[in-house]
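This report concerns only the one structure given below.
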2 protein chains.
Amino acid sequence: MPERQSAPGRARDRLLRAASDLFYADGIAATGIDTITERAGVAKQSLYNNFPSKAALVSAYIDARHDEWLALYEVRQQASDDPVAGVIAVFDAYIDHASTAYEYGFRGCGLLNAAAELSAGDPGRAAVRRHKAQVESLLCAHLNDIYPEQPERAARIGKHLAFLLEGAIARGGLDGNANCLHAAKAIATDLLEQS
Amino acid sequence: MPERQSAPGRARDRLLRAASDLFYADGIAATGIDTITERAGVAKQSLYNNFPSKAALVSAYIDARHDEWLALYEVRQQASDDPVAGVIAVFDAYIDHASTAYEYGFRGCGLLNAAAELSAGDPGRAAVRRHKAQVESLLCAHLNDIYPEQPERAARIGKHLAFLLEGAIARGGLDGNANCLHAAKAIATDLLEQS
DNA sequence: CGAAATAGGTAGGTCAGTCTACCTAGTCCT
DNA sequence: AGGACTAGGTAGACTGACCTACCTATTTCG
């Protein structure tokens, strides 16, 4: 009897996974409660037992997506303590994350797409901003190791690489594939080598 | 009697302008027909006399936003025939475009935000992709003038600058201001000078 | 038992799009 | 010149679909 249907927390996981897939693929506003519960194979009330509202589910989606990326980054990063490799690990983490979404096609950064749908004051937007700030600060930390005597240069290149990466993700999302991400990784590699 | 209320095309212009403001500030799905007609000061039926559907209005919004950008670029570009200035004109056009939206706060690239809300097969997404391709090809054209003997180098730097610009716009939209755009312009200027 | 799940329905609201009925300013035709 | 016609506008009701959120009643399982 491997299928337990009513283990506690199981419905929550299924809901969050289904919602993540649908929010990413179709957008937040275009995804209704019934679609989520149906895909999760869960009763509608189970959603409201585990999340106070759809907005809370959206918020959990944003946090989960950030955590996913961070886990992928740490796997990539811990393989080496070369700071150049650390910078590249940031790019690889996004490439890895993109490939997990390949089933329904790459749509760019789920967090950025979510932010585009949220109103100006929504706390979700702040969470997305926090994610982007953390990525940039990871880049800067590695660059400070590469240029230990030039903190402002490190900060400048950190911003440069953050914009490069962000743009590649956005463009890749338009195209529906991760080619741009690989191109950006190559550009970043060159940039670090030549300087 | 200076106010003609029923001049042909007048309602269409007012609708497109109102819809553009609202789509950009609040998103497409979050903006209803009634909100648009109310802001335009126009009857609902006038919308359906001028546009077959909301989707057509969205499509017109995307085209209009691209045309706006192109007009701003041409003003910036025609001031000089220095190819480096031509590259910078692309950045300046986005800075100019951002300042037109300052009334309600900068929200990044309206076309990219729209694409995030459109489903995979929507023709609007193709229009956005066309806009991005045109921007990159303008960059590459200037770079081909800068490096006339190195077309592949020009193409590579063109992609680099396109990603840089795209990322800066996206990040600026999260922050709600155009600071990132100015930073990216400075980075691009450096990049062209040092090489 | 009791916590957590299930199926399914309901309330209240919003949205896109249609419809009716009326108004106004030009244009055409005799 | 003047009446009829037309194009494009206004106001507002209305339909059918869908959405979030809540509710009821029942069942599963540790």
Side-chain angles (χ1 to χ4, degrees), chain A residues 1-62 114 117-119 121-124, chain B residues 1-62 114 117-119 121-124:
Chain A
M1 200 62 55
E3 287 294 336
R4 293 186 311 166
Q5 287 193 339
S6 58
R10 185 154 167 76
R12 197 194 138 93
D13 289 348
R14 295 177 59 83
L15 280 162
L16 186 51
R17 161 160 293 243
S20 293
D21 289 352
L22 291 164
F23 287 160
Y24 182 76
D26 301 333
I28 292 170
T31 302
I33 292 294
D34 292 332
T35 312
I36 294 170
T37 54
E38 187 186 357
R39 180 173 179 124
V42 140
K44 198 190 314 195
Q45 185 58 32
S46 294
L47 193 154
Y48 288 97
N49 288 343
N50 288 282
F51 300 93
S53 67
K54 184 188 178 182
L57 186 54
V58 171
S59 175
Y61 158 63
I62 290 173
E117 288 199 65
L118 298 175
S119 61
D122 193 293
Chain B
M1 200 62 57
E3 287 293 336
R4 293 186 312 165
Q5 287 194 339
S6 57
R10 184 156 167 78
R12 197 195 139 94
D13 289 348
R14 294 177 59 82
L15 280 162
L16 186 51
R17 161 160 293 243
S20 293
D21 289 352
L22 291 164
F23 287 160
Y24 181 76
D26 301 333
I28 292 170
T31 301
I33 293 293
D34 293 333
T35 311
I36 295 169
T37 54
E38 187 187 357
R39 181 175 179 122
V42 140
K44 193 194 295 206
Q45 187 58 32
S46 295
L47 194 156
Y48 288 98
N49 287 344
N50 288 282
F51 300 93
S53 67
K54 183 186 179 184
L57 186 53
V58 171
S59 175
Y61 158 64
I62 290 173
E117 290 199 64
L118 299 175
S119 60
D122 193 293

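Quick caveat: nothing in here was measured; it's all calculated off a predicted structure. Throughout, a chain's letter reflects where its sequence line sits, starting with A, and its residues are numbered from 1.
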Is the backbone of Ile28(A) close enough, under 3.5 Å, to the side chain of Lys54(A) for a donor and an acceptor to pair up by distance? yes
Between the side chain of Glu117(A) and the main-chain N/O of Ala29(A), is any donor-acceptor distance below 3.5 Å? yes
Calculate the interatomic distance between Arg10(A) atom CZ and dC29(D) atom C1'; express it in whole Å. 14 Å
Between dA4(C) and Asn50(A), is there an OP1 or OP2 to side-chain N/O distance shorter than 4.0 Å? no
Just jot down the salt bridge (Lys or Arg N to Asp or Glu O under 4.0 Å) partners of Asp122(B), sequence neighbours excluded, or say none. none
Can you tell me the distance, in whole Å, between the CG atom of Leu47(B) and the P atom of dT10(D)? 11 Å
Side chain of Ala43(A): nearest nucleotide among dA21(D), dT10(D), dA7(C)? dA7(C)
How long is the line joining CZ of Phe23(B) and C1' of dC15(C), in whole Å? 13 Å
Calculate the interatomic distance between Leu57(B) atom CG and dG17(C) atom P; express it in whole Å. 10 Å
Test side chain to side chain contact (heavy atoms under 4.5 Å, CB included) applied to Ala25(B) - qualifying residues, sequence neighbours left out: Tyr104(B)
Is there side-chain contact between Ile62(B) and Leu118(B), with heavy atoms separated by less than 4.5 Å? yes
Is there a side-chain contact (heavy atoms from CB on, under 4.5 Å) between Leu16(B) and Leu57(B) once you walk through the steps? CA-CA 7 Å; Leu16(B) 186 51; Leu57(B) 186 53; 4.2 Å; yes
Please classify the nucleic acid contact of Thr37(A) as base, sugar-phosphate, or nothing, using heavy-atom distances under 4.0 Å. nothing
Return the polar atom pairs (N/O with N/O) between nucleotides 22-25 of chain D and the protein under 3.5 Å, or none.
{"unit_1": "dC23(D)", "atom_1": "N4", "unit_2": "Gln45(A)", "atom_2": "OE1", "d": "2.7"}

Any side-chain N or O of Ser46(B) below 4.0 angstrom from OP1/OP2 of dT10(D)? yes
As a test of reading the structure: which of dT6(C), dG17(C), dT20(D) is closest to the side chain of Ser53(B), going by heavy atoms? dG17(C)
Tell me: CZ of Arg14(B) to P of dG8(D), nearest whole Å? 18 Å
Rounded to the nearest angstrom, tell me the gap between atom CD in Glu38(A) and atom P in dA7(C). 11 Å
In whole angstroms, the gap separating P of dT20(D) from CD1 of Ile28(A) amounts to 12 Å
In this structure, how many angstroms lie between the C1' atom of dA17(D) and the CG atom of Asp34(A), rounded? 13 Å
Sidechain-backbone polar pair: Thr31(A) side chain, Gly27(A) backbone, donor-acceptor under 3.5 Å: yes
